[in-house]
Amino acid sequence: MNCTRLVLRCYSTESTHHVNQRIRSLKHTSGVTRVEEALQLFDEMLQRQPLPSIIQFNQLITSIVKINQYSTALSLYKRIKLMGVPSDLYAMNVSINCHCRLNQVTYGFALLATIFKQGHTPDSTTYNTLVNGLVLADQVFEAVELFKKLRGEKLCEPDQFMYGTIINGLCKVGHTSKALELLRFMEAGSCRPRVQHYTIIMDSLCKDKMVDDALLLFAEMNEKGVLANVITYNSLIHSLCNFGRETEAAKMLGHMEAEGLSPGVDTFNILINSFCKQGSVKDAELCVEAMVRRGLHPDVITYNALIDGYCLRGEIDEAEQVLDGMVERDIVPDIITYNSLINGYCKKKRIDEARHLFQEIQDKGLFIDVITYNTMLQGLFQSGNPSVARELFSKMQAKGQFPDICTYRIMLHGMCKNFQCSEALAIFRSLGSKEMMKDVELYTILIDGCSKCGMPKLAVELFDELLLKGLKLNVRTCNVILRVYWQEGLLVKGKKLLRKMGDYGCLPNSVTYNVIVQVLLKKNECQEAAIFLEEMINQGFFPDSSTFKILLSLIPNVGQDSHMRTIIQKLTSVEGKV
DNA sequence: GTAGGGTTAG
């Protein structure tokens, strides 16, 4: 009798140990495998007699939550409930979080009621999870109200998490200054702000383009003895890069190492990407060397950045070399890698190679995305294959790939250039999406296209339609229609628009004047052209090379004492000095 | 030994 009991107890503790071990090992399993193994373990746990404790179930389900499988997690809780395992506050809190992540805050609040009903007392985690749920649901105002209520009614003393959630929410809706106020409030109180709080606000300041204010706050934080961590540095490095301040970003990296923090592959990738996009792939390569020296391994993102960087510069051979290098290191190229390469071939007008690669990756069974199609379509148009492009456009839709706004811009632009304006217009009119019909870029393409296809009236109508829709104008749109106005002699309209451009938020630029002057010169209206040339120069703009060419060709024909002659002389003398 | 907030790369 005693013996049996002993054996049973041994079996029970041993299996508990075994289960714990398997739960722990789940953390080292990734993605789909983790879900599969977790589900299998869960089934085994349900078979056990006695049933494992709620703690073990919580641990297992948490490992599923960590990989964002919220519905799965909730369904498992439902099942253990059916098996009669009593829930605890941890389980309830995790469930609330799952509902919040699934955009079901309401269910979260329903669970709060259940907690009370079951005689539990919600804790700060419960409330914080709910406040965060409101933030996630874009109900920041409601989140702040709940926060105030909890504090006012002493239901829950706000802790660093709660403050973090609210600061995050305020920043998310653009109220960075309110968040900063709350930070100042914390500094004066007993719940002192941590690095997280500073990081959120610095990041938000940067998103508001106030990078220097962020840097000031960073300095202030350091003075207060709050230590920055890798996330803080990653965020600042990224923001500096976004504003073209790569040198300072690189200095930041040095800074963080001096502080004893180790930058990760992601830190380097931020810099590498930025250098590549800027066109300085050489600097990016130096960054890669620096990361390798630190024992970090470039990943697919690193290689993709380099490949894209080279392709953007048209240095396709270098891009191919990088590709070889990554394959040698067993890093599998993905669709982004191939999109860059296809773009590189297209840029170099090596359309056959682009088409070949496009076919090859499909044969490999790789998923082709809308960017692949867009890249290919653009390449086809630019290499003078409009009909192949149009075939591909049909094919992608037949395959179930929806065109996006870029697809339509590429298509309509390509078609207009190939004198297929009427068909382009037909496509535009048949656009299902209301959003796309409100795209100023599409209008600009069509207006320009119609005028160049000999349909200026249609161009003018389209512009009026655009105004009627209340779409926001940009300089390019104005420049395009101004050319039409001057070509068609619609000078009243033209001059009116020229004057109103500032009100529309787009001041005339150098192109604006070049366009007008060129039209006038081509129409041989030299006097009028001279007036605009002068205005242009007074505004600090300068004729571009094509305007200049026309001007120079006029020299023999303009009279000795004409206004135009003086201007040309002035221009050529300035030109000589420069 | 189970739960809640922050950054990012294409």
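Basis for what follows: all heavy atoms, side chains included, without hydrogens, waters or symmetry-related copies. Letters A, B, ... mirror the listed sequences (proteins, then strands); counts begin at 1.
Remark: the A/Asn269 side chain and the B/dG10 base include no donor-acceptor N/O pair separated by less than 3.5 Å. Put simply, the side chain of A/Asp123 and the base of B/dG4 share no donor and acceptor less than 3.5 Å apart. Taking 3.5 Å as the limit, the base of B/dG6 and the side chain of A/His197 contain no donor-acceptor pair of atoms between them. If you check distances only, the side chain of A/Asn339 never reaches the base of B/dG10 with a donor-acceptor pair under 3.5 Å. Judged by distance alone, with hydrogens and angles left aside, A/Asn273 brings no side-chain donor or acceptor close enough to the base of B/dA9 to form a pair under 3.5 Å.
Between A/Phe147 and A/Tyr163, a ring centre-to-centre spacing shorter than 6.0 Å is recorded. For an aromatic pair to be called close, the ring centres must be under 6.0 Å apart, and A/Phe57 with A/Phe42 satisfies this.
With sequence neighbours excluded, no residue satisfies ring pair (Phe, Tyr, Trp, His ring centres under 6.0 Å) with A/His413.
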Margin query: The test is side-chain contact (heavy atoms from CB on, under 4.5 Å); show your working for A/Phe218 and A/Leu236 and say whether it passes.
Written below: CA-CA 9 Å; A/Phe218 179 64; A/Leu236 282 176; 3.5 Å; yes
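The shortest distance between side-chain heavy atoms of A/Gln278 and A/Glu246 falls below 4.5 Å.
When heavy atoms are screened at a 4.0 angstrom cut-off, A/Thr199 is found touching base atoms of the nucleic acid.
Ring geometry, A/Phe393 versus A/Tyr408: the interplanar angle exceeds 60°, so the pair is classed perpendicular (tilted spans 30 to 60°).
For the segment residues 95-112 of chain A, residues with any heavy atom less than 4.0 angstrom from an atom of DNA chain B are, sorted by number, A/Asn97, A/Arg101.
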